[in-house]
Amino acid sequence: MPTFNINMIFTIISLFVNYSVFSLLIVITVIYVTQYYYRYFTRPNPLPGPFPLPILGNAHQRIGFEHIDWLMSLYKKYGDMYEINLAGERVIILSRPDLIENMNVPSSKTKYPIRNLITEGTMEYMKYGASGSGISRNTDYKSWKYNRQFVSQAMMTPNFNDKIITRTIELWREMESYWNIIGENKELDLKKWMSRFTNEIIFEVSTGVKNNSVASYYSTLIPENYASLNKKEKEKIEETEKFIQSLEIFDKGLIYFFMFNKLIRRYVPFIRGQINNFLKNRDYLFDKIYNIIKERRVEIESTPLDQPLRYDMLTSYLTANTPRDINVTKHADIELLRPMTDGDVFDNIFDSLLGGGTMSNLICFVIYYLGTYPEVKQRLRQEIEMVLGKDLTKPITAKDLDELQYCDAVIKEVHRHHPISFSIPRVNLEKDEVGGINWPEKTSFQMHYGAIMKNKNYWTDPEKFDPDRFYKVEESDKYLLEKQHIKDSFTIWGGGIRICPGRKLAMIVLKCLVSLIYRKYDIEIADVNEPFKCRSGLLRVCKELIVKIKPRIY
Ligand code: HEM
């Protein structure tokens, strides 16, 4: 079957010059559709999956579903290995541990060093070049490695864990003081508080600047306080709030650029409106972050050489491989010795800010589950008391956090049951065999953990919520399947060389905050009969969590 190029289209147009535009459109459509289905029916390694439409692929079948539920319903219909087509890209969905074992190899020799190909949608939304930059969407191994070393290094700086713990405790005390003023009988949207909390921590770690997002949010809730502020203070609060909201809007927009191709994004009326709003929001957000970078660059340049620079990720990126370099570890690889481009610095900071948002969702999920499983909350409290003692003011240490093993198990079980990262992409840069089939290089796969983490062949009674399946498993015979399979069938952070570099930081903040809250307070879900308000695009996020916070009765 020949491919139709522009000359042939002109020839066809000249043939039909006497016909109406309408007839011409019909002919072009027939040619396009025939060619589309010719390609579809002759594709290599056809797999079961929903039947696609030209231009739309399978996007129309997803309408009315959350992404996580759509993938799950297709899994139930088509099995462990099926294919979908979104924005013109064929994606193979894998829902069994043995199908994905090659994808999480923690070695530079992995055939799967990248997550996604840079699509035309990613290029538009992220304003990327062909290989991306920074870390998470980078498709060039050397450039990814170069960027990743700085994030890994930041997490390894001396006292990093202690600093995060101290900052989490400080910010918790501040947030607690606001909650106490608001009073125990008021309903709060915990999701809003948690996004500000995690954003403030991650913003400070990444940029070295305090953005006071918790205090700003509090001010917006108390009209008398807000009214007493001067114009400049109000503007600052509004700006901080706008920034947090725009990160959430950006996140929400991602799926549109993965699902719909340019034609749909540009010309389908309802979608076009949404896309324009997402792009406007993106421009605001990117400008804000670029300005932060520019300002810090000027500060560094105007700091005399004999004065030390403070340590934060942004300063580490801006000074990398320059005479002002504050990084302790230097690489021997000559190609890793260049200063960072603005694009790299931007993407690395942006990745961290998005990671902060993810943390707030997992905290909300944990709090929701603890609110609905009182016996689990009770056991968690016993552990917190055992590890931290009865003095409610005693600061938490890194050693305490290590000992909070049941807390660890609760977080894991919440994520198994209600995952944020339910489907993690991988692309092979070399041919590989998956499921007994040979796949050419640059095939897009998704490791469908949403299904893997609920598969009865790997999990005992998988629908049951029970943190014990992660707690001292080796010491009991209750969860034999888990004993054998957890390593390959569970994840929060992904795996292999692209595993989340923020996982240690996220676990510290999560465990710290859970202990600080539950040792002193009770969180009641306002309406336990209401479904948990979440949505899912590429990740599952909490939309709202209305609670009442009450001091604990001993
Ligand atoms: C509860 C919070 C978080 C969850 C559930 C989470 C989850 C994930 C997952 C599943 C991946 C993909 C890994 C893979 O492909 O195998 C990832 C990648 C990544 N995460 Fe996180 N993350 C969280 C917090 C953070 C934080 C706080 C940061 C910032 C410091 C961060 C920075 C990143 C980056 C930069 C990547 C890309 C890594 C690469 O491509 O090399 N994440 N995360």
Side-chain angles (χ1 to χ4, degrees), residues 100 102-106 108 110 112-116 131-157 160 164 168 194-195 197-207 247 251 312-314 316-317 344 346-366 408 411-412 414-416 418-427 444-450 452-453 490-514 538-542:
I100 62 171
N102 284 358
M103 296 175 190
N104 285 328
V105 177
S108 57
T110 173
Y112 297 84
I114 67 173
R115 247 191 307 279
N116 298 103
S131 66
S133 50
I135 304 175
S136 71
R137 283 151 296 271
N138 205 322
T139 58
D140 176 76
Y141 178 74
K142 278 240 149 111
S143 155
W144 165 80
K145 189 173 167 198
Y146 169 80
N147 284 284
R148 173 117 189 184
Q149 66 178 325
F150 293 101
V151 179
S152 307
Q153 189 169 311
M155 310 285 167
M156 286 186 297
T157 50
F160 180 79
I164 296 295
T168 306
M194 289 304 141
S195 2
F197 191 98
T198 54
N199 179 273
E200 187 159 340
I201 299 262
I202 209 79
F203 195 88
E204 205 175 319
V205 173
S206 313
T207 65
L247 276 167
D251 225 14
D312 52 67
M313 286 177 166
L314 178 55
S316 128
Y317 301 151
D344 284 330
F346 169 83
D347 285 320
N348 289 349
I349 294 291
F350 193 48
D351 277 344
S352 302
L353 296 176
L354 291 181
T358 320
M359 275 199 290
S360 71
N361 291 304
L362 192 46
I363 294 174
C364 288
F365 294 178
V366 170
D408 215 76
I411 293 168
K412 287 180 176 149
V414 167
H415 194 269
R416 185 194 69 82
H418 199 78
I420 291 180
S421 17
F422 51 88
S423 190
I424 303 177
R426 285 287 181 273
V427 173
S444 286
F445 297 94
Q446 296 233 348
M447 304 184 283
H448 186 201
Y449 278 102
I452 294 175
M453 294 197 290
F490 175 74
T491 197
I492 304 183
W493 318 106
I497 60 168
R498 303 298 288 244
I499 195 169
C500 173
R503 61 196 184 282
K504 205 167 84 178
L505 184 158
M507 259 332 233
I508 292 175
V509 175
L510 239 89
K511 286 172 88 173
C512 221
L513 201 49
V514 166
L538 297 184
L539 298 175
R540 170 150 52 192
V541 303
C542 172

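Counting starts at 1 for both ligands and their atoms, following the listed order. By convention here, the first residue in the shown sequence is residue 1. Only this structure's heavy atoms are used, side chains among them; waters, hydrogens and symmetry mates stay out.
- Residue I424 has at least one heavy-atom neighbour below 4.0 Å for each of these atoms of ligand 1: 10 (C), 14 (C), 15 (O).
- Side-chain contact annotation: R426 with N104, donor-acceptor N/O pair under 3.5 Å present.
- Protein heavy atom in closest approach to atom 13 (C) of ligand 1: R498 O, 3.1 Å.
- Counting only distance, with no hydrogens or angles, the side chain of D312 and the backbone of V205 share no donor-acceptor pair below 3.5 Å.
- Of all the heavy atoms of I135, the ones lying under 4.0 Å from any atom of ligand 1 are found in both the backbone and the side chain.
- Taking each of P425, S421, A154, P113 in turn, the one with a heavy atom nearest to atom 10 (C) of ligand 1 proves to be S421.
- W144 places none of its side-chain heavy atoms less than 4.5 Å from the side chain of P113.
- Ion pairing of K511 with D408 is present here, as a side-chain N (NZ or NE/NH1/NH2) and a carboxylate O approach within less than 4.0 Å.
- Counting the atoms of ligand 1 from 1 in the order shown, those under 4.0 Å from a heavy atom of W144 are 39 (C), 40 (O), 41 (O).
- Between the N361 side chain and the C542 main chain, a donor and an acceptor come within less than 3.5 Å of each other.
- Excluding waters, the count of protein N/O/S atoms less than 2.8 Å from atom 21 (Fe) of ligand 1 comes to 1.
- Inter-residue side-chain proximity for L362 and I492 is flagged as met; some heavy-atom pair is nearer than 4.5 Å.
- At the top of the distance list for atom 16 (O) of ligand 1, counting protein heavy atoms only, stands R426 NH2, 2.6 Å.
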(message) side chain to side chain contact (heavy atoms under 4.5 Å, CB included) for I497 and Y141? Distances and angles first, verdict last.
(response) CA-CA 11 Å; I497 60 168; Y141 178 74; 4.0 Å; yes
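- In this structure, atom 7 (C) of ligand 1 lies nearest to the protein heavy atom I492 O, 3.7 Å.
- Contact annotation for K145 and ligand 1: no heavy atom of the residue comes within less than 4.0 Å of the ligand.
- Among all protein heavy atoms, the one lying closest to atom 37 (C) of ligand 1 is R115 NH2, 3.2 Å.
- Under a 4.0 Å heavy-atom criterion, M155 is in contact with ligand 1.
- Within ligand 1, counting atoms from 1 as listed, the ones closer than 4.0 Å to a heavy atom of R148 are 38 (C), 39 (C), 41 (O).
- With R498 contributing its side chain and I135 its backbone, the two residues share a donor-acceptor pair below 3.5 Å.
- Contact annotation: the side chain of M447 never approaches that of S423 to less than 4.5 Å [non-hydrogen atoms, C-beta and beyond].
- Relative ring orientation between F150 and Y146 is described as perpendicular, the plane-to-plane angle rising above 60° on a 0-90° scale split at 30° and 60°.
- In terms of modelled atom types and a separation under 3.5 Å, the side chain of N199 and the main chain of S195 share no donor-acceptor contact.
- The protein heavy atom nearest to atom 29 (C) of ligand 1 is S352 CA, 3.7 Å.
- Heavy-atom distances between I202 and ligand 1 reach below 4.0 Å in at least one pair.
- Between the CZ atom of R416 and the OH atom of Y449 there is a distance of 14.5 Å, given to the nearest 0.5 Å.
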(request) Go through the steps to decide whether I420 and F365 satisfy the test side chain to side chain contact (heavy atoms under 4.5 Å, CB included), and finish with yes or no. (result) CA-CA 9 Å; I420 291 180; F365 294 178; 3.5 Å; yes
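- When each atom of ligand 1 is checked for a heavy atom of G495 under 4.0 Å away, the hits are 16 (O).
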